[in-house]
Every structure is written in structure tokens, then in C-alpha cells.
Amino acid sequence: MKVKLILLACAVMFASGLQAQVLNKLKNKGEQKAGEAIDNLFSGKKKNSGNGTGTNGTNGSNNGGNASGNNSSNQGSSNGSKNNPTNNTGGGLVSAPPDVNQNLADADVAYKKSSYGEARYAVQQAMLGVELEIGNKILKSLPETISGMSKDQSADEVTSTGYGWAGLTIKREYNGDKDRQLRITVANNAAWMAGVNAYLANGGYAQQTNGQQNWKQTKVKGNRAIIEYDQNSGYKLSVPIGTSSLIVYEGVNIATEADMMKAAETVDIDIIKKQLGEQ
Amino acid sequence: MKNLIRIVLVLAAFGTCLPVGMASAQDFDKNLAIAKSSYGSGDLENARFAMEQMLHDLDMAIGKEILKMLPTQIGAMKVNDKEDNLTGGSGYAGGLFVHRTYGMAPKSGQIEIINNSPMISSINAILTTPVLGGMMRDENQKQIKVQGYKSLLTKSVNSETAKTNYELQIPMNNTLVTLRIEDTNEGEITAAANNIPLAKIAQIAQ
């Protein structure tokens, strides 16, 4: 009886030891495969799990363990990318301007229901649509080239929030040889614009600069203006138009003040005034 | 530069200020019709102008609704409803501005509500950014919560009368409610603020 018990105990111990060995081997194999999969992933040799599975298949039946090890490594790598994915698809946003007529109709409906917040949102959207159209018309009115510099259409920009006070901003860039650049910005109806225009047009600017000759008052096509020069940024010409609009010309590497004025005068200010409803 | 800032502030404060009651549904309908016809005929500038007026009409309508929600009394101070004032939305002033006063000097108070104004973002930044708030903190200011909204309470002492005045600024999304009371204490102004239906105002003003 004692002998039987000893044999049984030995069998259990042997079996458990064997089982532990097998499990340990499986674990080691799994870790090894996981390491290989990660190495492959980073070295760019293998990027998908299909290859890994194929390799396992050739190893025959030891393979439950290997397969699971490999799967876990694949899951590990895919989980890693899930944690911090990089977008590599998607069509971006549709940049169509708001439908003005539809938004006006929506505003009407909302107003009649006394949903004033909704009505205001719809009017703002309609206004955004109109301002973008105005901006694009002004961009079309600007010359194709100025003083040998060609327009950079990719830099054309019309910005509007649809809020009456936030205003409309239109930007155009011209580039030429020898790093010459002329940037034109038309700002209209911003909350601060009337104050700025009053300030510039009434000589407030002159009073504050204490006689430093890096600026002076001038005229562009009959409109009062301020021209400034800075060694680093070049010429800047600000022309207030009407009560709430301003045209700013910024010239980089423009040779002389006369060249800057000549470049500015190629822009038809009257068309801009008309589009913005300025007198 | 100071002159420039002054001009902007004056324009912002008084740009399109109108007494209550001037805007009406007829104005909105009329401006809507002008906007539609001008846009249809390609007169974009006129369409835009009409839409600015529509925004103004809407802000006036919203302002009137807000005035109806405000308390008619703060403590013993009764509303001076003839002094109610609304500023319309578009144009240079920017956003909605509602102003109501209570009582008479030396014991008086006022509520101001501004909405969608370019001024709000900077005030909100100061009130809601701990770093900025910390930099600008002084011993007469502290942050409190009113109906769950983080608010800034400022105490000041009138140098002539030696009486204590308080101002409470409550930012809510794109709306700022300011309550000022002269000759008061923290308890009174906090109780007064709790009588203002902040959530409803934020909802209608958004």
C-alpha cells in the first residue's frame, strides 16, 4: 500500500513538473514570437498578421501555444496603434459656403416660433454666406500681377464669422523675383475698425509717434493713408476707406517708397469700396 | 495707443444703444424681405446690411425676454424699469447688452448682461483660467460659485463715503452676467445673484 502511495505521489509530481515544463516552454516560445513580431513590425519586414500565422502553420502542431503567443503579440501591436492612431484616410470637410436663401427661410421659421437663438444662428449663417461671396468678388477685382509680382492663388483667403461685429477679412499675396512680396489685406466692419479709422484719419497716429521718421502720412488715389517702414518687415501702407474698412498693403523687399506707392495704386480702391458699401 | 483704446471702448459702449421698445416684429420681417430681395438681385452689400439689422432685431427680442426674467426687486431696492436699456447686436458695439438698475443712490444696484461680444472671451479667460486668475488675483477678489457657475466677486471701498461696494461677474458660455451693488456685503450680493435665473438666461441668449 505504501509503495502504491509513493508511486502515485511520484507520478503526480512528475506529471506536474512536466506540465510546468511544457507551460514554461510555451510561455518562452510565445514571448520569443512576440518579440519577433515586434521586431518585424519596426523593421518593416512584416506589417500584417497574415504572415505570422503562415509561419506558425509550417511549424506543425506545436502550435497551439505558438499560435496563441503569436496572436497575443499581434493583438498587442494592434492595440498599441489603437491607443495612438494616425489618421490616413478621410475626405476632409466640404467647404461650400452656407446656403443664404435656405438660412433666411430657417430664420423666418425660427423667429415666428419665438426661437430667437435659432433665428440668430440662421441669420449669422446667411450673413457668412453673403460675406464670403463679397470677399470672393473683391479678390476677383484685384489685379493678376502687380509690379512684376504674380498673385499666389493658394494664399487667397476670405475670413468671416457671420457676426456683424466680427467683420470680414480678405487676403491676397503677390510674389516676385528677389524675394519680393506684396500682401494685401482688406478688413471690413470689425468691431474695432471704426475706432482705428477715426484714429488714423484724424492724425492720432502722428501724435503718438513723437516725430520718429519711420512713418508718414500720404495719399493713395485720393484716400488718406499712413506709410511705415521697418528694416525687418519692410513697407506697410494703411488706407482707411469709408467708416469701417481698411486696406493694408505690406511690401517685403520693395526697393523704394515710390515703388511701394506705385504697387498700391494698381489696386482699384473704388471697386473695393463699392463692394463693401463704403462711400 | 490709449486714445485708440478709448475710442474703441466708447464706440463699443454707445455704438448702437437704443431704448427698449424700438425694435419690433415688423422690423424683422421688413429686413428679412430686403435681405431676400437684395440677395436675389445680387446686391450683396444691401443684403448684408439688412442681415445686420436682422441680428440687431433678434438681439433686441432676446434682450426683452431676458428683461422679463430679471427680478423686479433686489432686497429692498426696486427696479427702475424706465432705465432699462438694450443694445442691439450687430455693428460696432458687438453683441447683446442688457442693462437694468435698482434702487437709488446711495443704495443702488445694477445688472448687466452681455452676449456674443468680442469682450467676453477675454473676461472669460481671466475668470476661468486658473493661471491667469492667479496672476491677476488681488486681496479684494475671490472666486465663488453661483448656481453652479464659477464667478468672480470683487470688493471695492468708496473713498469718499467709505462704503463697501461689490461686483459679481458670472460668465456662462458666451454670456456674461454682471451684478453690482453699492453699500452692501458679500451675503447680500450672493443672495441677489441667486435670484437671477442664470440657466434660463444662458439658454435664451446663446
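Note on naming: letters A, B, ... go to the chains in the order of the sequence lines (proteins, then strands), and numbering restarts at 1 for each one. The figures that follow rest on heavy atoms only: side chains count, while hydrogens, waters and symmetry mates do not.
Other residues, nucleotides and ligands contribute only 12 or fewer heavy atoms inside 6.0 Å of the NZ atom of A:K274. In A:K221, the NZ atom is crowded: over 12 heavy atoms of neighbouring residues, nucleotides or ligands sit closer than 6.0 Å. Counting heavy atoms of neighbouring residues, nucleotides and ligands inside a 6.0 Å radius, atom OH of A:Y121 does not exceed 12 of them.
The two residues A:D108 and B:F28 come nearest to each other via the heavy atoms CA-CE2, 4.5 Å. Residues A:G117 and B:I62 approach most closely at N-CD1, 4.3 Å, considering heavy atoms. Nearest heavy-atom pair across A:L104 and B:L32 is O-CD1, 3.8 Å.
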Begin from the C-alpha positions of B:Y39 and A:E133 and carry the test side chain to side chain contact (heavy atoms under 4.5 Å, CB included) through to its verdict.
CA-CA 11 Å; B:Y39 184 72; A:E133 283 188 43; 2.5 Å; yes
Test side chain to side chain contact (heavy atoms under 4.5 Å, CB included) applied to B:M51 and A:N103, step by step:
CA-CA 11 Å; B:M51 287 175 201; A:N103 277 295; over 6 Å; no
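Residue A:Q275 touches chain B through its backbone alone, counting heavy-atom pairs closer than 4.5 Å. With a 4.5 angstrom heavy-atom cutoff, B:L44 touches chain A via backbone and side-chain atoms both. For B:Q203, no part sits under 4.5 Å from any heavy atom of chain A, backbone or side chain.
Between atom CD of residue A:E118 and atom CG of residue B:L58 there is a gap of 11.5 Å, rounded to the nearest 0.5 Å. Note: A:E131 CD to B:E45 CD = 9.0 Å, rounded to the nearest 0.5 Å. Considering CG of B:N115 and CZ of A:R120, their distance stands at 4.5 Å, rounded to 0.5 Å.
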